[in-house]
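These values consider heavy atoms only, across backbone and side chains, with no hydrogens, waters or symmetry-generated copies. Numbers here simply count residues along the sequence, with the first being 1.
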Amino acid sequence: WSHWSGCAEQCAPTVRIRRRHIEQEPQNNGDPCPTLEERAGCLDYMDYQGVHCGQYYVPAFISTAKYNNERKKRTLFGDEKMPRYCAEFTIESLSFHCTVENRPFARWMQYLREGYTVCVTCQPPAMNSHNHRCHGDEANSNGTRISQWQAVGNFRCRGTWKKVHEGAQCSCPGVHSFIFT
């Protein structure tokens, strides 16, 4: 086999390829050679100029805002000084698995519904210490991109959303308040 190629496209889910060639054709009714090309999924997280870009295809991980109570107990010194913010999203789609979740620690997923607005707080330790942003917050999208989210605690509870607002404080009811993890 050859070495794997690079991804067919930059910054997008695509494929990589490797090939082989036939060194000797089958003889005496021998079996034909197997496939000469293999393909595998591929996603580069940097373009050729070294700019990070593939993160748009990795979901934002969220949990109930109540989880934040436990998180505060384990806060690292200095984290309380980092700026926090709230991103509001409209849920565009979600999997069936969210609506049927009934385990006690995961019932919050039942409150996720298409068309609902949810608030997701970004704060340490989910916040990147260099850019003070949370992965998946759609920092510069202004409602133009649909992106992915996934519930922590049930990998099958996932969907898409569109950012509608960002501010210092969240204004959603408790059942529609979440945190980035």
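When the side-chain hydrogen bond (donor to acceptor under 3.5 Å, both in side chains) test is applied to S2, no partner is found at least two apart in sequence or on another chain. Scored by the side-chain hydrogen bond (donor to acceptor under 3.5 Å, both in side chains) test, E101 finds R103, N154 as partners (sequence neighbours excluded). Residues satisfying the ring-ring contact (aromatic ring centres under 6.0 Å, His included) criterion with Y116, sequence neighbours excluded, are H176.
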Do R113 and T99 pass the side chain to side chain contact (heavy atoms under 4.5 Å, CB included) test, and can you show the C-alpha distance, the side-chain angles, and the key distance before you say yes or no? CA-CA 8 Å; R113 294 282 187 267; T99 60; 3.2 Å; yes
Please walk me through it: do S63 and F178 pass side chain to side chain contact (heavy atoms under 4.5 Å, CB included)? CA-CA 6 Å; S63 187; F178 306 98; over 6 Å; no
Tell me, with the steps shown, if C119 and C172 meet disulfide (SG to SG under 2.5 Å). CA-CA 6 Å; C119 294; C172 295; 2.0 Å; yes
Could you please spell out the steps behind the side chain to side chain contact (heavy atoms under 4.5 Å, CB included) verdict for T121 and F180? CA-CA 6 Å; T121 302; F180 287 104; over 6 Å; no
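Looking at S93 and T160, their side chains do bring a donor and an acceptor atom within 3.5 Å of each other. Between the side chains of E88 and S171, at least one donor-acceptor pair of N or O atoms lies under 3.5 Å.
Proximity of R158 to R156: side-chain heavy atoms (C-beta onward) are nowhere separated by under 4.5 Å. Residues Q169 and C86 are not in side-chain contact: their nearest non-hydrogen atoms beyond the backbone lie 4.5 Å or more apart. Contact of the Y85 side chain with the C134 side chain is registered, since non-hydrogen atoms from C-beta on lie closer than 4.5 Å. Using a 4.5 Å heavy-atom cutoff, the side chains of Q110 and N102 are in contact. Within the 4.5 Å cutoff, no side-chain heavy atoms of Q150 are placed close to those of I62. Contact annotation: the side chain of P124 approaches that of R84 to within less than 4.5 Å [non-hydrogen atoms, C-beta and beyond].
Other residues sharing a hydrophobic cluster with F61 under the 4.5 Å side-chain heavy-atom criterion for ILVMFWY residues are V152. Cluster note: I146 groups with no other residue, as no ILVMFWY side-chain heavy atom lies under 4.5 Å from it.
For the side chain to side chain contact (heavy atoms under 4.5 Å, CB included) criterion with V118, the lone passing option out of F89, Y111, W149 is F89.
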Show me the donor-acceptor pairs, under 3.5 Å and distance only, between side chains in residues 31-43 and residues at least two apart or in other chains.
| residue | atom | partner | partner atom | Å |
| --- | --- | --- | --- | --- |
| T35 | OG1 | E37 | N | 3.4 |
| T35 | OG1 | E37 | O | 3.1 |
| E37 | OE1 | R19 | NE | 2.9 |
| E37 | OE1 | R19 | NH2 | 3.1 |
| E37 | OE2 | R39 | NE | 3.2 |
| E37 | OE2 | R39 | NH2 | 3.2 |
| E38 | OE1 | R18 | NE | 2.6 |
| E38 | OE1 | R18 | NH2 | 2.7 |

